Amino acid sequence: MSNKSKPRIVEHDFTKGIKVTDHFIMRAHERFGLRDLHDSAKNHDYVTGWVQELLENYDEIERNQNNDDVLLVKCRQIIVVYQLSKRQCLTCYPISYNNYTKQYDTLKTAIKKRELKLDDFTAEKVNETFINIYYQEARRYAKELAELHAKIAALYQVQSKSSHNVVIDTKQETINQINSIIFEIEDKLMNIHNVVFEEQERKINV
């Protein structure tokens with residue numbers, strides 16, 4: 001394996017063989033457009049070969065902060081979640097996901113504060129803060145979501161005009177990745193919305 005100039009937090013030799021879970025295969029199809037061969041064994045071999053090539057040429061590895069048995073392997077803008085003890089790949093996602101998951105601590109903090117016994121004045125101020133956070137997030141991501149949907153529309157236009165199957169397959173892979181990012185953003189916004197407004201909705205329904 002060639003040495004890379006980019007420093008690694010961890011190093012690992014994947015050339016001794018790896019396994020993939022059914023969940024990993026499903027995510028590879030869904031998020032990176034890998035062909036479904038409609039045969040379990042063939043799909044397993046095909047996806048294993050795809051990820052084996054990725055892992056043998058990785059860019060950087062981080063150890064999971066919450067589990068020393070799990071590595072986060074970065075390769076070609078893809079994160080592969082790898083379990084050391086079983087030498088298996090658990091899931092995969094675009095590296096862009098990291099940009100949308102780092103702020104979940106804000107949501108956890110909001111939930112924790114809601115559990116505290118606050119006086120009416122303080123509770124009202126806390127609720128106002130949470131509402132502002134939600135609308136700030138909604139505005140911030142609205143522009144990004146619009147841009148992502150525009151990219152998908154442009155890719156579909158290319159597909160509709162192309163006579164080459166390989167072009168359609170390549171564009172579909174990108175569409176799948178963008179759709180996964182859109183889902184993550186919308187899911188995050190919905191979670192924040194539910195936390196922020198659950199108290200108001202509870203009072204209305206009492």
Side-chain angles (χ1 to χ4, degrees), residues 23-24 26-34 36 54 59-60 62 64-66 72-81 90-116 118 120-162 167-206:
H23 180 79
F24 183 91
M26 178 178 68
R27 293 307 187 201
H29 287 313
E30 171 191 315
R31 293 172 174 165
F32 298 105
L34 269 69
D36 185 351
L54 283 178
D59 299 309
E60 183 177 318
E62 295 182 10
N64 188 301
Q65 294 181 354
N66 301 317
L72 304 178
V73 187
K74 300 179 183 179
C75 31
R76 302 183 198 170
Q77 299 301 305
I78 297 171
I79 298 289
V80 175
V81 181
L90 302 177
T91 191
C92 55
Y93 54 88
I95 201 167
S96 308
Y97 272 23
N98 287 348
N99 298 330
Y100 306 112
T101 56
K102 289 178 180 177
Q103 297 180 19
Y104 272 104
D105 284 343
T106 301
L107 183 58
K108 293 176 182 176
T109 301
I111 295 171
K112 197 68 179 176
K113 287 183 178 179
R114 276 278 169 83
E115 295 173 353
L116 299 176
L118 304 175
D120 291 342
F121 175 79
T122 305
E124 183 178 350
K125 292 300 179 184
V126 169
N127 285 334
E128 288 177 3
T129 300
F130 293 158
I131 290 171
N132 288 335
I133 288 173
Y134 167 72
Y135 284 111
Q136 287 172 7
E137 293 289 279
R139 291 187 187 95
R140 184 160 71 92
Y141 284 122
K143 180 180 179 181
E144 190 157 4
L145 285 168
E147 292 172 351
L148 291 170
H149 281 290
K151 287 180 181 178
I152 288 178
L155 289 165
Y156 278 129
Q157 284 291 337
V158 173
Q159 283 186 325
S160 70
K161 297 175 182 179
S162 177
V167 172
I168 293 175
D169 289 342
T170 301
K171 299 307 177 185
Q172 188 61 49
E173 178 178 339
T174 305
I175 289 169
N176 291 344
Q177 292 182 35
I178 295 174
N179 272 326
S180 294
I181 294 170
I182 289 172
F183 175 80
E184 289 295 314
I185 296 174
E186 292 178 341
D187 187 55
K188 173 189 174 181
L189 288 174
M190 181 58 68
N191 283 331
I192 295 175
H193 179 278
N194 291 342
V195 170
V196 167
F197 292 102
E198 69 177 1
E199 181 63 20
Q200 284 87 338
E201 292 173 359
R202 187 189 67 79
K203 289 179 179 178
I204 292 173
N205 294 325
V206 169

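Source: prediction; values computed, not measured.
Under a 3.5 Å cut-off, the side chain of R76 and the backbone N or O of L54 do not form any donor-acceptor pair.
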Evaluate the side chain to side chain contact (heavy atoms under 4.5 Å, CB included) criterion for residues L34 and H29: first the C-alpha distance (whole Å), next the side-chain angles of each, then the deciding distance (0.1 Å), finally the verdict. CA-CA 5 Å; L34 269 69; H29 287 313; 3.9 Å; yes

Y93 and V81: side chain to side chain contact (heavy atoms under 4.5 Å, CB included), yes or no, with the steps? CA-CA 9 Å; Y93 54 88; V81 181; 3.8 Å; yes

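The shortest non-hydrogen separation linking D59 to C75 is OD2-CA, 3.5 Å. Taking all atoms of both residues into account, the shortest heavy-atom contact from I178 to L148 is CG2-O, 3.7 Å.
Exactly one of I185, L189, N132 qualifies for a side-chain contact (heavy atoms from CB on, under 4.5 Å) with E137. That residue is L189.
Taking CE of M26 as the reference point, atom SG of C92 lies at 10.0 Å (rounded to 0.5 Å). Note that CD1 of I181 and CZ of R31 are 10.5 Å apart. Values are rounded to the nearest 0.5 Å. The CD1 atom of I182 sits 11.5 Å away from atom CD of E147, with the distance rounded to the nearest 0.5 Å. The OG1 atom of T174 lies 11.0 Å from the CZ atom of F32; values are rounded to the nearest 0.5 Å. Atoms NZ and CD1, from K151 and I175 in turn, are 13.0 Å apart once rounded to the nearest 0.5 Å. Of the inter-residue distances, the one linking D169 atom CG with E173 atom CD reads 9.0 Å to the nearest 0.5 angstrom.
Counting only heavy atoms from C-beta outward, the side chains of L90 and H23 never approach each other to under 4.5 Å. A heavy-atom distance below 4.5 Å is found between the side chains of K74 and I79.
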